[in-house]
Amino acid sequence: MIKKAVKILLAAIAGSAALVLWKTFTFTSPLADVKPSEEPINWKIDESNAVRKLSQALTYPTISHKREMMDLEAYDGFLQFLFHSFPNVFSKLQIDTVNDYTLLITWRGRDTTLAPAMLMGHYDVVPVESATLDQWEEAPFSGRISDGYIYGRGAIDNKTPCIAILEAVENLLSYGIEPKRTLLISIGHDEEIGGNDGAVKVVEKLSQKRIEPAIILDEGGTMGLGLVPGLMAPTALIGTAEKGYLSLELLVKGSGGHSLMPGPDNTLSILSRAMHRLNENPFPFELSKPVEGFLECAGPYMDFPARMAFANKWLFKKLIFNSFSKTPQGAAMMRTTQVPTVVAAGVKDNVIPNVAKAVYNFRLLPGHTDSSVIKRVIKIINDPRVTVRMHPDAPYTPGSPSSPHSDHIFRQLVSVIKTTFPEAVVSPYLVLGATDSRHFYQVCTHVYRFNPILLKPDDLSRIHGINERVSISDFLRAIDFYAQWIQDLCVRDVLSASIQKSSKM
């Protein structure tokens with residue numbers, strides 16, 4: 001009887017092992033059959049002139065602040081620079097200025113019954129810390145060119161895509177191109193502080209006119225090399241969703257008094273215990289739709305252990321979670337994150353504070369909301385003396401919906417990427433930060449994020465950091481990418497062709 005049980009057990013183990021290996025070796029990306037464009041872009045542009053324009057664009061300190069704190073001279077100067085640098089765009093296309101500084105450009109197509117395609121970017125930038133100025137290889141607003149790179153705040157985030165988009169359109173217009181499908185371009189001025197005066201107003205304008213784009217492409221995802229552990233090839237990470245933003249305040253009020261007569265408890269000790277409970281109970285790991293798509297599309301190209309785990313999530317889910325948790329970026333893709341960012345209490349060393357408070361910042365997975373997070377925090381703290389409330393001075397944005405990553409529209413985006421970056425593995429991705437595109441879901445279901453600039457691990461610290469730069473070759477390839485995108489989606493209108501093809505299948 002025992003021998004029979006052992007044989008059954010060994011057979012089950014062998015069968016499971018065989019199934020695991022079979023799923024591993026037959027594991028292929030659902031995007032593997034997507035082909036590059038049938039008509040790769042074939043043109044000539046004045047490369048040195050394009051580089052000069054980007055260099056000059058980076059000299060304008062268009063730093064995001066509240067409206068009353070903005071350097072309006074810099075903003076006005078930048079818009080005047082665009083007007084003079086792209087004469088075809090600003091003389092032949094419809095230009096709407098939204099809230100004085102955000103541009104909405106319309107290149108009207110021949111068939112106005114087709115939903116437009118839309119490209120997005122923003123030209124505002126974050127400040128540069130004065131204490132870091134001596135660490136910059138080139139001054140942050142010099143736009144200096146050195147060793148094949150263009151330096152300046154906004155080189156990655158996000159003036160390069162803006163200039164690349166306009167350069168692509170400027171040159172297509174010079175070739176006498178006329179699109180079939182309308183192209184919209186939104187260039188925002190306040191993305192770094194939430195987009196409420198720019199992107200939000202553009203969405204309102206589109207809603208009023210009942211314009212619903214077929215596809216929107218903004219910044220957010222990236223071309224990465226060495227950013228994904230276990231994957232050696234360049235990876236085109238397309239953001240199909242982004243995390244939400246929430247800050248909560250933990251507030252404790254009580255009787256203070258002199259430190260020479262402390263009671264058994266006080267506001268600070270109550271708050272510290274609440275923080276300890278919260279810190280010891282992070283959110284559980286989850287596989288959101290964008291991460292599921294990442295495992296499906298990037299997994300087949302990874303080294304064998306990762307490929308086996310991704311191909312057999314039913315067996316190795318805990319292993320996947322453990323692997324991703326080894327890096328902050330990987331862990332953030334798998335869970336709603338929480339971290340204390342501000343703690344305040346007390347005015348003097350010998351006075352027990354009457355009030356103690358702490359601020360926690362949460363970055364929410366798609367589907368997580370303020371109410372669900374607050375409910376969880378209250379349950380974990382389990383102390384009625386601690387008031388949990390939304391931070392009065394911080395914005396709240398829920399995790400965005402997830403755009404499709406397998407239908408014909410997404411696959412056409414993948415086709416454009418494979419045309420411009422033939423060596424790349426293409427995959428959906430969850431964007432950890434916030435972009436202007438999150439505001440556009442009320443007018444579009446296919447909202448994607450991809451910045452066609454190659455980033456390596458040491459480039460990540462340059463975003464919002466020191467020595468932000470872009471290589472000249474990456475900038476020129478970005479121009480080609482946007483030109484290809486416009487040609488395929490608007491001029492050739494492969495979207496309509498894809499719809500017709502899929503309806504016949």
Side-chain angles (χ1 to χ4, degrees), residues 30-42 93-94 104-121 161 164-165 168-169 172-173 175 177-186 202-203 206-207 209-221 236 238-241 293 297 401-421 424 426-428 437 440-450 452 478 480-505:
L31 302 176
D33 63 329
V34 178
K35 304 298 182 185
S37 173
E38 295 177 359
E39 296 183 18
I41 195 74
N42 182 22
L93 305 185
Q94 177 182 328
L104 179 60
I105 302 171
T106 303
W107 190 1
R108 202 165 305 283
R110 299 189 307 276
D111 188 346
T112 56
T113 65
L114 297 174
M118 187 170 191
L119 291 171
M120 293 179 59
I165 290 169
V169 174
L172 289 173
L173 285 167
Y175 275 79
I177 299 295
E178 293 184 18
K180 178 180 178 182
R181 183 184 296 269
T182 294
L183 172 68
L184 301 177
I185 304 170
S186 174
V202 170
V203 172
L206 296 179
S207 297
K209 294 185 176 182
R210 297 183 179 180
I211 297 173
E212 297 182 351
I215 181 174
I216 292 176
L217 184 64
D218 193 11
E219 59 158 339
I238 305 173
T240 54
C297 297
S402 295
S403 297
H405 62 259
S406 60
D407 70 357
H408 64 281
I409 294 180
F410 182 79
R411 288 169 67 86
Q412 291 301 336
L413 172 57
V414 174
S415 175
V416 174
I417 293 174
K418 286 190 173 185
T419 306
T420 314
F421 304 94
V426 186
S427 172
S437 62
F440 283 76
Y441 278 96
Q442 60 181 289
V443 295
C444 182
T445 56
H446 291 72
V447 180
Y448 301 109
R449 304 151 185 87
F450 178 67
D480 284 345
F481 168 79
Y482 288 117
Q484 188 73 53
W485 192 90
I486 294 167
Q487 176 182 270
D488 284 3
L489 274 65
C490 297
V491 180
R492 294 178 55 220
D493 187 27
V494 294
L495 293 184
S496 293
S498 298
I499 293 172
Q500 293 170 4
K501 182 178 179 180
S502 62
S503 65
K504 295 177 181 177
M505 296 175 64

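- Atom OH of Tyr482 is separated from atom CG of Leu217 by 6.0 Å, given to the nearest 0.5 angstrom.
- Rounding to the nearest 0.5 angstrom, the gap separating the OG atom in Ser37 from the CD atom in Gln412 is 8.5 Å.
- Listed by chain and number, the residues in a side chain to side chain contact (heavy atoms under 4.5 Å, CB included) with Thr106 are Gln94, Arg108, Thr182, Leu184 (sequence neighbours excluded).
- In this structure, NZ in Lys180 is found 6.0 Å from CG in Asp111, a value given to the nearest 0.5 Å.
- Nearest approach of Ser415 to Pro36, heavy atoms of both residues: OG-C, 3.5 Å.
- Using a 4.5 Å cut-off on side-chain heavy atoms (C-beta onward), Leu172 and Glu178 make no contact.
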Start with the C-alpha distance between Arg181 and Asp493, add both sets of side-chain angles, then the distance that settles salt bridge (charged side-chain N to carboxylate O under 4.0 Å, His left out), and finish with yes or no. CA-CA 6 Å; Arg181 183 184 296 269; Asp493 187 27; 2.7 Å; yes
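- Checked against side-chain hydrogen bond (donor to acceptor under 3.5 Å, both in side chains), Asp33 has the following partners two or more places apart in sequence or in another chain: Arg411.
- A donor-acceptor pair under 3.5 Å is absent between the side-chain atoms of Ser186 and the main chain of Met120, judged by distance alone.
- Within the 3.5 Å criterion, the main-chain N or O of Pro404 finds a donor-acceptor partner in the side chain of Tyr448.
- Salt-bridge annotation for Arg492 and Glu39: present, with a side-chain N of the basic residue lying under 4.0 Å from a carboxylate O of the acidic one.
- What you find for Trp485 and Ala117 is that their closest heavy atoms are CH2-CB, 3.6 Å.
- Across Gly293 and Ser427, no two heavy atoms sit closer than the pair O-OG, 4.1 Å.
- Here the side chains of Thr419 and Lys35 are not in contact, with every heavy-atom distance at 4.5 Å or above.
- Between the side chain of Ser437 and the backbone N or O of Asp218 there is no donor-acceptor pair closer than 3.5 Å.
- In this structure, CZ on Phe450 lies 13.5 Å from OG1 on Thr240, to the nearest 0.5 angstrom.
- With values rounded to the nearest 0.5 angstrom, Ile486 atom CD1 is found 6.0 Å from Ile185 atom CD1.
- Within the model, atoms CD of Glu212 and CD of Gln442 stand 10.0 Å from one another, a figure rounded to the nearest 0.5 Å.
- The backbone N or O of Gly239 sits less than 3.5 Å from a side-chain atom of Arg449, completing a donor-acceptor pair.
- For the residue pair Asp488 and Gln484, a side-chain donor N or O sits within less than 3.5 Å of a side-chain acceptor on the partner.
- The main-chain N or O of Ala424 is never found under 3.5 Å from a side-chain atom of Lys418 such that the two would form a donor-acceptor pair.
- With hydrogens and angles disregarded, no donor-acceptor distance shorter than 3.5 Å links the side chain of Asp480 to the backbone of Ala483.
- In this structure, Pro213 and Cys444 approach most closely via the heavy-atom pair O-SG, 3.3 Å.
- Between the Ser403 side chain and the Val447 main chain, a donor and an acceptor come within less than 3.5 Å of each other.
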